[in-house]
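Notes follow once the structure below has been shown.
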Amino acid sequence: MNTKLWNPSTLTIENEPSIEEAAQLLRDRQVVAFPTETVYGLGADATNEEAVQRIFEAKGRPADNPLIVHVADVGQVEELTEDIPPVAYQLMETFWPGPLTLILKSNGQAAKNVTAGLSTVGIRMPDHPLALALLKQSGVPLAAPSANRSGRPSPTEASHVYQDLNGRIAGILDGGPTGVGVESTVLDVSSSVPVILRPGGITKEDIEKVVPEVVFDPALKGGKDKPKSPGMKYTHYAPESPLWLVYGDDEYFKQQLNQLIEKGERVGVIASKELAGQLQFDRVIECGSRERLEEIAVKLYSALREFKKSDVDVILCESFHSHGVGAAVMNRLEKAAVRTLKQQ
Ligand code: TXA
Ligand code: MG
């Protein structure tokens, strides 16, 4: 398949021919990648099983992992769900368009493979002009997981989508680098106390300003609890070379790095500017300040894609605090890591 690349202008979005072309392909049950404020998504008509099946095939995604449905307005939420609790309306009002996915009771209108057989459906309204224009033009809700091959880091630039999916999808709408960098927060509002199934762009602290109580799914800590969000059990975000996550102070990090170098390992480092500034070492990707984890979130996935297997044997990565968006950053790093090194 020939994958089309479009570079639409966001200034003339109302009559942008590439958006109409992409929308037509979506109505013809093809899959198209598009930017959102979090990461690039791989979209297909969420009401059509054949279209949605193409997403699973292009990504190599396990069939039991449900997809998030993207909508242009609250009316589309009501067409796909039933018994929407008042708290869900409050959250939509406060955070949409934005990086919050709500898990609601499905009324069966979404294609079966979107919900992977669950009685619920995850829905969000993305905060990106191209995504919203595409949703409006296509006239259908769009199922869209992150537009990476299953297991790989999520794409934050159109070139990442191209690396993973060229030849496997109908087209890619290029909207430049995404803003948030990590995916949406997945929040289950079907129980009396809302549960965060996946930490993301909207923080627990943000949600607490709107609802009296919100908790993290205990399964996020690992251990034996089964995650309620099926996607959380799979290997994710894996860079080409094994990632080791380091918990400890800067001295401990430097010790671990030196030991590996002495053993002759070709090491790559992912670190904050505070730590990177202390290393006399050339294979370091600096991804922002550890005081502002929003910066780290923006650069995280491109950092995970940067080191190639041919250049490094192991990637050492600094760990960060897990307040605010740090919860999402650390959740992704813990999933990406094959090993952790902990200071005693
Ligand atoms: O920011 C995002 O959310 C991006 C952009 C493209 O919108 N999308 C994204 O989709 O991250 P994906 O498929 O990579 O992750 C969806 C997550 C998975 O962990 C999945 O298991 C969970 O949402 N999920 C979807 N529907 C669910 C449901 N009904 N119940 C529980 N978890 C669900
Ligand atoms: Mg994903």
Side-chain angles (χ1 to χ4, degrees), residues 1-8 16-72 76 80 101 109-117 121-126 128-176 178 183-184 230-231 234 236 301:
M1 181 187 300
N2 177 30
T3 300
K4 293 197 167 157
L5 285 173
W6 300 285
N7 267 294
E16 182 43 63
S18 58
I19 296 197
E20 182 40 43
E21 198 184 337
Q24 186 56 46
L25 284 164
L26 289 166
R27 288 191 293 266
D28 291 342
R29 302 187 206 115
Q30 297 301 314
V31 295
V32 166
F34 60 93
T36 79
E37 79 283 30
T38 57
V39 300
Y40 276 75
L42 185 60
D45 179 353
T47 61
N48 187 287
E49 202 170 331
E50 181 194 334
V52 171
Q53 185 53 31
R54 293 208 166 97
I55 294 180
F56 284 91
E57 281 162 16
K59 284 191 56 126
R61 182 175 176 109
D64 69 345
N65 192 1
L67 309 179
I68 293 173
V69 178
H70 297 64
V71 295
Q76 284 184 322
L80 298 170
T101 296
Q109 291 301 308
K112 280 202 299 288
N113 44 359
V114 167
T115 57
V121 57
I123 308 187
R124 83 180 194 96
M125 188 191 296
H128 193 291
L130 290 180
L132 290 170
L134 185 64
L135 280 162
K136 286 200 185 107
Q137 283 282 350
S138 65
V140 290
L142 295 176
S146 49
N148 51 282
R149 288 291 279 263
S150 224
R152 299 262 294 141
S154 302
T156 52
E157 294 174 25
S159 64
H160 300 160
V161 181
Y162 187 83
Q163 278 166 20
D164 279 16
L165 297 172
N166 180 33
R168 304 176 70 88
I169 61 176
I172 304 171
L173 271 170
D174 187 345
T178 59
E183 298 89 338
S184 64
Y234 293 107
H236 262 93
Y301 287 135

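What's counted below: heavy atoms across the whole structure, side chains too, no hydrogens, waters or symmetry copies.
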Given 3.5 Å as the limit, does a donor-acceptor pair link the side chain of T156 with the main chain of V39, or not? no
Between P35 and L130, the two heavy atoms sitting closest are CG-CD1, 3.7 Å
First locate atom CZ of R152, then atom NE2 of H236, and finally report the distance between them rounded to the nearest 0.5 Å. 13.0 Å
Could you report the tightest heavy-atom contact between A22 and L134, atom names first, then the distance? CB-CD1, 3.7 Å
S138 meets the side chain to side chain donor-acceptor pair (under 3.5 Å) criterion, sequence neighbours left out, with none
If you measure from CH2 on W6 to CD1 on I19, what distance do you get to the nearest 0.5 Å? 10.0 Å
Do the side chains of L5 and D174 get nearer than 4.5 Å, heavy atoms only? no
Who passes side-chain contact (heavy atoms from CB on, under 4.5 Å) against P153, sequence neighbours left out? Y301, L304, R305
Going by heavy atoms in the side chains, are I68 and S184 under 4.5 Å from each other? yes
Could you tabulate the donor-acceptor pairs under 3.5 Å formed by side-chain atoms of residues 166-173, not counting sequence neighbours?
from : atom 1 : to   : atom 2 : distance (Å)
N166 : ND2    : Y162 : OH     : 3.1
R168 : NE     : A58  : O      : 2.9
R168 : NH2    : E57  : O      : 3.2

Chi angles and distances behind the side-chain contact (heavy atoms from CB on, under 4.5 Å) call for I55, L67: CA-CA 10 Å; I55 294 180; L67 309 179; 3.9 Å; yes
Among residues at least two apart in sequence or on other chains, which ones pass salt bridge (Lys or Arg N to Asp or Glu O under 4.0 Å) with K112? E49
List the atom of A144, the atom of H70, and the distance in Å for their closest heavy-atom pair. O-CE1, 3.1 Å
Quick one: are L142 and L26 in side-chain contact, heavy atoms under 4.5 Å? yes
Stepwise, does the side-chain contact (heavy atoms from CB on, under 4.5 Å) test hold for L165 with T3? CA-CA 8 Å; L165 297 172; T3 300; over 6 Å; no
Within the side chain of N113, is there an N or O that forms a donor-acceptor pair under 3.5 Å with the backbone of A116? no
Do Q30 and R54 have side-chain heavy atoms sitting under 4.5 Å apart? yes
Rounded at 0.5 Å granularity, tell me how far CZ in R27 sits from CG in N48. 13.5 Å
Before you tell me yes or no, could you show the steps for R124 and E37 under salt bridge (Lys or Arg N to Asp or Glu O under 4.0 Å), namely the whole-Å CA-CA distance, both residues' side-chain angles and the distance that decides it to 0.1 Å? CA-CA 12 Å; R124 83 180 194 96; E37 79 283 30; 2.8 Å; yes
Could you tell me which residues satisfy salt bridge (Lys or Arg N to Asp or Glu O under 4.0 Å) with D45, sequence neighbours excluded, listed by chain and number? none
Please report the shortest heavy-atom distance between R61 and S150, naming the atom on each side. CA-OG, 3.5 Å
Residue pair S154 / E183, side-chain heavy-atom distance below 4.5 Å: yes
Any side-chain to backbone donor/acceptor pair from T36 onto T38? Under 3.5 Å, distance only. yes
V71 versus L135: any side-chain heavy-atom pair under 4.5 Å? no
Run the numbers on S18 and N7 for side-chain contact (heavy atoms from CB on, under 4.5 Å), then give the verdict. CA-CA 8 Å; S18 58; N7 267 294; over 6 Å; no
Could you tell me which non-hydrogen atom of V161 sits nearest to which non-hydrogen atom of P155, and how far apart they are? CG2-CB, 3.7 Å
For Q109, check side chain to side chain donor-acceptor pair (under 3.5 Å) against everything at least two apart and list the hits. none
Expected output: side-chain Q76 to main-chain A72 donor-acceptor under 3.5 Å: yes
Which pair of non-hydrogen atoms, one from P145 and one from K59, has the smallest distance, and what is that distance? CG-CD, 3.6 Å
